[in-house]
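Data block below; observations after.
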Protein chains: 2
Amino acid sequence: MTTDVPQTRIQRKNREAIYGAALEVFSTEGFRGATLDQIAAAAGLSKPNLLYYFPSKEAIYTGLLSGLLETWLDPLRDIDPTGEPIEEMLGYLCRKLEMSRDFPRESRLFANEILRGAPHILDQIEGPLRTLVDEKSALLRGWAAAGRIAPLDPHHLIFSIWSTTQHYADFGAQVSGILGSEGEAHFKDAEDFLTILFRSALTPVNN
Amino acid sequence: MTTDVPQTRIQRKNREAIYGAALEVFSTEGFRGATLDQIAAAAGLSKPNLLYYFPSKEAIYTGLLSGLLETWLDPLRDIDPTGEPIEEMLGYLCRKLEMSRDFPRESRLFANEILRGAPHILDQIEGPLRTLVDEKSALLRGWAAAGRIAPLDPHHLIFSIWSTTQHYADFGAQVSGILGSEGEAHFKDAEDFLTILFRSALTPVNN
DNA sequence: GTCTATATTAAGATAGAC
DNA sequence: GTCTATCTTAATATAGAC
C-alpha cells in the first residue's frame with residue numbers, strides 16, 4: 001500500500017514496534033475499542049510520538065491489516081495442483097489450524113474487521129481473495145471431475161475449512177470455557193477430529 | 001437476571017424498542033463502537049429518556065445479551081435423545097443454519113462478545129452452556145457406543161457445527177464478497193454442502 | 001415520563017519546545 | 001525524533017424543569 005522506504009533503522013524498528021502493539025490492542029479491543037494510549041503504551045512510545053510515525057489511528061489499522069492479509073492467505077496459495085488431492089486439502093486444513101494456534105491475534109483482527117462488514121478490506125476480498133478462491137475452486141472441481149475427491153461445492157468446502165479452524169482462535173474464550181483447561185491442549189484433539197471430518201467427506205468412493 | 005416487572009405497557013413497549021435498537025447497533029458496532037445516540041435514535045427516544053429505562057450503556061448491553069442467550073441455545077436443547085441419531089444431528093445443523101440466516105444480528109452480537117474474551121457472559125459459558133454441551137456430548141458418546149453414529153469427539157463435533165453455520169452470519173461480508181450476490185441465496189447451497197459433510201462423517205459404517 | 005441543558009471524562013490529534 | 005502541554009470533539013451520564 002504505502003510504499004514508504006523507512007530510512008533510519010530506528011524508524012523501521014519503531015514502526016515494527018507500533019505494528020506489534022497495534023496487533024495486540026486492535027485484535028482484543030476492535031478498532032473503535034482500541035485507543036492510541038493503549039497502543040502507545042504497548043509500543044513503549046508517547047502518544048504524540050506514535051503520531052509522528054503514522055498520521056492517524058486509522059492509518060495504523062489499515063497499514064496493519066493490508067500487511068497481514070498477504071501472508072494470511074499463503075496456506076491457501078500453497079495448495080499444490082500437482083499433489084495428491086485429499087492430502088493437499090488435509091494439509092491445508094492443518095496449516096490453517098496451526099495458524100489459529102500460533103497466530104490467534106491475527107485471526108481475531110480479521111474476524112473483527114469482517115464482523116463489521118469488512119469496511120477496510122472489502123476491495124481485497126472482492127478482488128484478490130475472490131480470484132484466489134475461484135482459482136482453487138476450479139482446481140477442486142477438476143479433482144472432483146477426475147474422481148479424485150468427492151464432488152462437493154468447492155466454495156462452501158473452503159468456507160467450512162476456514163470456519164472450523166479459525167473457530168479455535170476467534171472463539172477461543174468459549175472453547176476454553178466449555179472444555180476447561182486453557183492453552184493449546186485442544187488443538188491436537190481438534191486436528192484429529194477435523195482430519196476425520198474432512199477426510200470422510202472428501203473421499204470419493206462412498207458408494 | 002433483573003426480575004423487574006414492568007408495570008405500564010408503555011414501559012414495556014419502550015424497553016422492547018430499546019432492546020431492538022440496541023441489538024441493531026451493538027451487533028454492527030460492537031460494545032465500544034456503539035453510542036447511546038445511535039441507540040436512542042434507533043429506538044425513537046431521546047438519550048436521557050433512554051437512561052431513564054436503563055441505568056447505563058452496559059446495563060442495556062448485558063440485559064440484551066442474557067435475554068438472548070437463553071433462546072440462542074434452544075436448538076441444542078431440542079436434540080432428542082429418543083430420536084434417530086443422524087437425523088437429529090442433521091436437524092440440529094439445519095436449525096443452526098436457519099438461525100444464522102434469520103437472526104444474523106444475534107449471531108454477530110455473540111461473536112463480538114466472545115471475540116473479546118466473553119467478559120459479560122463467561123459465567124454463563126462456564127456454567128449452564130458447559131453443562132448443556134456436556135450433557136449432549138454424553139448423548140453423542142452413547143450413540144457412538146451403540147454403533148448408531150461414528151465415534152467422533154462430541155465436543156469438537158458440536159464446535160464444528162457451530163462454526164460452520166455461524167460463519168454465514170458472522171462472516172457474511174466475506175461470503176458475499178467471494179460468492180458475489182448478496183442476500184440469502186447462499187444458504188440453500190450451504191445447507192446442501194453441510195448436510196453432505198456431516199452425514200458422511202456421522203455415518204458409522206465406513207468400514 | 002420526557003425534555004433541554006449541562007457536567008464530566010476520554011480520546012484523537014496538534015503546537016511548539018528541545 | 002521525542003517530549004509536555006493543550007486543543008477539540010464526542011460520548012456517558014446527570015440536573016432539573018415540565
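The chains referred to below are lettered A, B, ... by the order of the sequence lines, with proteins before strands, and numbering in each begins at 1. Note that these values count all heavy atoms, side chains included, but never hydrogens, waters or copies made by symmetry.
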Open item on the list: Could you tell me how far apart A/D37 (CG) and C/dA10 (P) are, to the nearest whole angstrom?
Closed with: 10 Å
- [ ] Using heavy atoms and a sub-4.0 Å distance, could you list which residues of residues 21-33 of chain A are near DNA chain C? By number, please.
- [x] none
Task: Distance test, side-chain N/O of B/Y53 to OP1/OP2 of C/dT2, below 4.0 Å - done: yes
Task: Whole-Å gap separating P (D/dT12) and CD (B/Q38) - done: 9 Å
Open item on the list: For residues 70-80 of chain B, which residue pairs pass the salt bridge (Lys or Arg N to Asp or Glu O under 4.0 Å) check, not counting sequence neighbours?
Closed with: B/E70-B/R77, B/D74-B/R77
Open item on the list: Is A/N49 close enough to D/dG1 that one of its side-chain N or O atoms is under 4.0 Å from OP1 or OP2 there?
Closed with: no
Task: Any residue meeting salt bridge (Lys or Arg N to Asp or Glu O under 4.0 Å) with A/E58, in chain and number order, not counting sequence neighbours - done: none
TODO: Would you tell me if any nitrogen or oxygen in the side chain of B/S46 comes within less than 4.0 Å of OP1 or OP2 on C/dC3?
DONE: yes
Task: Partner residues of A/W162 under the side-chain hydrogen bond (donor to acceptor under 3.5 Å, both in side chains) criterion, sequence neighbours left out - done: A/Y92
For residues 20-30 of chain A, run the donor-acceptor check on the side chains, cut-off 3.5 Å, and write out each pair with its distance to 0.1 Å, sequence neighbours left out.
from	atom 1	to	atom 2	distance (Å)
A/E24	OE1	A/R105	NH1	2.7
A/S27	OG	A/L23	O	2.7
A/S27	OG	A/E24	O	3.2
A/T28	OG1	A/E24	O	3.2
A/T28	OG1	A/V25	O	3.3

Task: Interatomic distance, B/L50 CG vs C/dG1 C1' [rounded to whole Å] - done: 13 Å
Check nucleotides 13-17 of chain C against the protein and report each pair of N or O atoms closer than 3.5 Å, with its distance, or say if there are none.
from	atom 1	to	atom 2	distance (Å)
C/dA13	OP2	A/K57	N	2.9

Open item on the list: Regarding B/A59, tell me which of base, sugar-phosphate or nothing describes its non-hydrogen contacts under 4.0 Å with the strands shown.
Closed with: nothing
- [ ] Under the side-chain hydrogen bond (donor to acceptor under 3.5 Å, both in side chains) rule, collect the residues that match up with B/N14, sequence neighbours excluded.
- [x] B/Y53
Task: Ring-face cation contact, A/F193 with A/K188, 6.0 Å cut, 45° max - done: no
- [ ] Sequence neighbours left out, what pairs pass salt bridge (Lys or Arg N to Asp or Glu O under 4.0 Å) with at least one residue falling in residues 120-131 of chain A?
- [x] A/R130-A/D134
Open item on the list: Expected output check: what is the dot-bracket annotation of DNA chain C, where ( ) and [ ] are pairs inside the strand (brackets for crossing ones), | is paired with another strand, and pairs are Watson-Crick or G-U under 3.5 Å?
Closed with: ||||||||||||||||||
Open item on the list: Which residues pass the side-chain hydrogen bond (donor to acceptor under 3.5 Å, both in side chains) test with B/Q38, not counting sequence neighbours?
Closed with: B/T35
Open item on the list: What is the distance, to the nearest angstrom, from the OH atom on B/Y52 to the P atom on D/dC18?
Closed with: 19 Å
- [ ] Specify the separation, in whole Å, of atom CD1 of B/I39 and atom P of D/dT12.
- [x] 8 Å
Open item on the list: If you compare every side-chain N and O of B/T35 against the phosphate oxygens of D/dA10 (OP1, OP2), does one of them come in below 4.0 Å?
Closed with: no
Task: Contacts of type side-chain hydrogen bond (donor to acceptor under 3.5 Å, both in side chains), residue A/E113, not counting sequence neighbours - done: A/Y61, A/H120
Open item on the list: Please report the distance, rounded to the nearest Å, between CG in A/N14 and C1' in D/dT2.
Closed with: 10 Å
TODO: Would you mind classifying the nucleic acid contact of B/L45 as base, sugar-phosphate or nothing, using non-hydrogen atoms under 4.0 angstrom?
DONE: nothing
TODO: Send over the distance from A/I10 CD1 to D/dT2 C1', rounded to a whole Å.
DONE: 10 Å
Task: Residues that B/A150 engages under side chain to side chain contact (heavy atoms under 4.5 Å, CB included), provided they are two or more places apart - done: B/L152
- [ ] Return the orientation label for the A/H156 and A/F159 ring planes: parallel under 30°, perpendicular over 60°, tilted otherwise.
- [x] perpendicular
Task: Gap separating the CG atom of A/L73 from the CD atom of A/Q124, nearest 0.5 angstrom - done: 9.5 Å
Open item on the list: By the 4.0 Å heavy-atom rule, please label A/A34 as base, sugar-phosphate, or nothing.
Closed with: sugar-phosphate
